[in-house]
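Whatever order the structure lists ligands and atoms in, that order sets their numbers, starting from 1.
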Amino acid sequence: MPVDAWPELLRWYDVHARDLPWRAKPGETPDPYRVWLSEVMLQQTTVAAVRSYFARFTERWPTVDALAEADEGEVMAAWAGLGYYARARNLVACARAVAEEHDGIFPDTEEGLRALPGIGAYTAAAIATIAFGRRAVVVDANVERVVTRLFAIETPLAAARPEIRARTDTITPDDRAGDFAQAMMDLGATICTPRNPACAICPLSDICTARRRGDPEAFPVKAPRAARPHRHGDAYWVEYRGQVLLVRRPAKGLLGGMLALPTGQWTEAPPPLSGAPIDARWEEGGAIEHGFTHFTLALTLRCAEVRDAPVDGIWWPADRIAEAGLPTLFAKLAARGLAWREQRWKGAA
Ligand code: SF4
């Protein structure tokens with residue numbers, strides 16, 4: 001049983017730790033604000049995708065107090081493209097709670113961190129250990145893969161999670177717990193990869209059960225995946241004097257609080273034109289497919305230019321739609337809308 005995993009692993013980490021912009025350099029004290037921000041951004045997202053967002057956020061809002069004072073709409077717009085938008089709303093709520101209730105200083109325990117908006121068990125453990133050096137059991141997708149291989153855990157995900165956590169607990173040291181957590185993440189990201197793990201240069205190879213058995217890629221065992229349901233709907237590109245109608249989506253629910261094009265209902269069967277915000281002669285402007293966690297969505301874009309006083313809404317200059325901070329789904333549709341617009345101009349020329 002690999003209870004002594006950590007000395008080898010930490011020796012490896014001291015040499016091979018990834019250079020990440022939110023990480024403290026050796027000898028520096030970690031900044032809890034940067035650790036927290038990166039951990040929230042990294043949920044469900046890759047390091048590569050997060051780098052530029054992290055740089056922009058920390059340049060614009062360099063401290064938790066600065067973020068606490070930010071306009072929520074501006075933060076949502078800056079977050080656009082990172083997905084899972086409830087995180088951006090919680091980001092502002094959490095910054096305000098830290099600024100107002102904790103004098104701008106993050107609590108340094110898992111319990112204290114969990115009491116803040118948007119900080120769940122994983123994030124609290126990660127911040128407590130990385131920013132404050134507390135011993136905590138941190139299991140992200142990379143750690144999950146490493147641990148299921150080290151112990152050859154045969155139970156499929158997600159049922160295996162309690163066992164993975166318990167096993168990780170057995171190998172988490174009291175000292176340098178933050179480095180240990182980051183070392184496990186780095187090992188999963190760079191050596192113990194989903195395909196072709198580099199077992200020959202792995203600091204844990206001597207104690208890894210899956211390597212000994214010769215089948216590391218069999219772990220983690222995955223449960224058969226249920227097919228994602230498919231939904232359909234319409235979205236609308238309404239143009240009036242060079243401006244496009246946008247709406248702010250309800251705060252709760254999918255893409256909550258984000259600016260978007262108006263849409264109709266999303267249903268299992270393609271609906272007849274539904275949810276049009278205005279009476280108009282609609283032209284089809286193309287269709288897009290988008291995958292959410294629990295379903296895939298096919299949206300048809302309906303386009304029209306109107307001449308009369310239009311409905312209330314947010315009218316955004318069409319040629320500056322890229323600056324609206326639309327989430328990816330609507331940014332894709334807006335690209336179709338711009339293409340439709342260009343075709344019309346060409347037709348009219
Ligand atoms: S020996 Fe191979 S399978 Fe085991 S932890 Fe290292 S890279 Fe992963």
Side-chain angles (χ1 to χ4, degrees), residues 1-24 26 35 38-39 42-51 121-123 125-130 133-225:
M1 189 194 292
V3 285
D4 291 331
W6 57 272
E8 272 306 310
L9 185 66
L10 288 176
R11 270 193 286 278
W12 171 83
Y13 181 71
D14 287 340
V15 178
H16 297 287
R18 286 178 295 173
D19 186 12
L20 300 173
W22 43 86
R23 248 182 209 173
V35 173
S38 66
E39 284 300 333
L42 284 164
Q43 289 163 20
Q44 318 279 346
T45 319
T46 63
V47 165
V50 164
R51 278 181 191 271
Y122 165 78
T123 310
I127 300 171
T129 194
I130 296 170
R134 293 197 177 266
R135 186 186 185 281
V137 179
V138 181
V139 184
D140 70 357
N142 281 321
V143 177
E144 229 165 53
R145 184 167 56 257
V146 175
V147 171
T148 52
R149 289 172 176 178
L150 281 178
F151 294 93
I153 294 174
E154 303 274 5
T155 313
L157 291 176
R161 295 219 159 99
E163 184 180 353
I164 294 170
R165 193 187 149 72
R167 294 286 200 174
T168 308
D169 198 359
T170 66
I171 59 172
T172 300
D174 293 331
D175 293 334
R176 295 190 66 188
D179 284 347
F180 174 81
Q182 293 177 98
M184 289 288 280
M185 293 173 187
D186 283 16
L187 190 78
T190 61
I191 300 251
C192 194
T193 46
R195 305 250 173 285
N196 300 318
C199 301
I201 56 167
C202 175
L204 302 181
S205 63
D206 284 351
I207 52 174
C208 177
T209 312
R211 187 204 54 81
R212 214 166 36 244
R213 287 176 22 161
D215 60 351
E217 285 190 22
F219 302 95
V221 178
K222 298 205 175 70
R225 210 182 160 127

Practice problem: May I ask which of Cys199, Ser205, Pro197 has a heavy atom nearer to atom 2 (Fe) of ligand 1 than the others do? | Solution: Cys199

Quiz item: How far is atom 8 (Fe) of ligand 1 from its nearest protein heavy atom, and which residue and atom name does that atom have?
Solution: Cys192 SG, 2.4 Å

Practice problem: Look only at the side chain of Arg149 and the backbone of Phe219, and say whether a donor-acceptor pair between them is shorter than 3.5 Å. | Solution: yes

Self-check item: Proximal ligand 1 atoms for Arg149, defined as those under 4.0 Å from one of its heavy atoms
Solution: 3 (S)

Quiz prompt | Neighbour count >12 (heavy atoms, 6.0 Å) for atom CZ, Arg51 | solution = yes

Practice problem: Determine yes or no for a side-chain-to-main-chain donor-acceptor pair under 3.5 angstrom, with Ser38 supplying the side chain and Val35 the backbone. | Solution: yes

Quiz item: Can an N, O or S atom be found in Cys208 less than 2.8 Å away from atom 2 (Fe) of ligand 1?
Solution: no

Self-check item: Donor-acceptor contact below 3.5 Å, side chain Arg165 vs main chain Val139
Solution: no

Quiz prompt | Cys199 to Ser205 - nearest heavy-atom pair and separation | solution = O-CB, 3.4 Å

Self-check item: For atom 6 (Fe) of ligand 1, closest protein heavy-atom neighbour
Solution: Cys202 SG, 2.3 Å

Quiz item: So which heavy atom in the protein is nearest atom 3 (S) of ligand 1, and how far is it from that ligand atom?
Solution: Pro216 CB, 3.5 Å

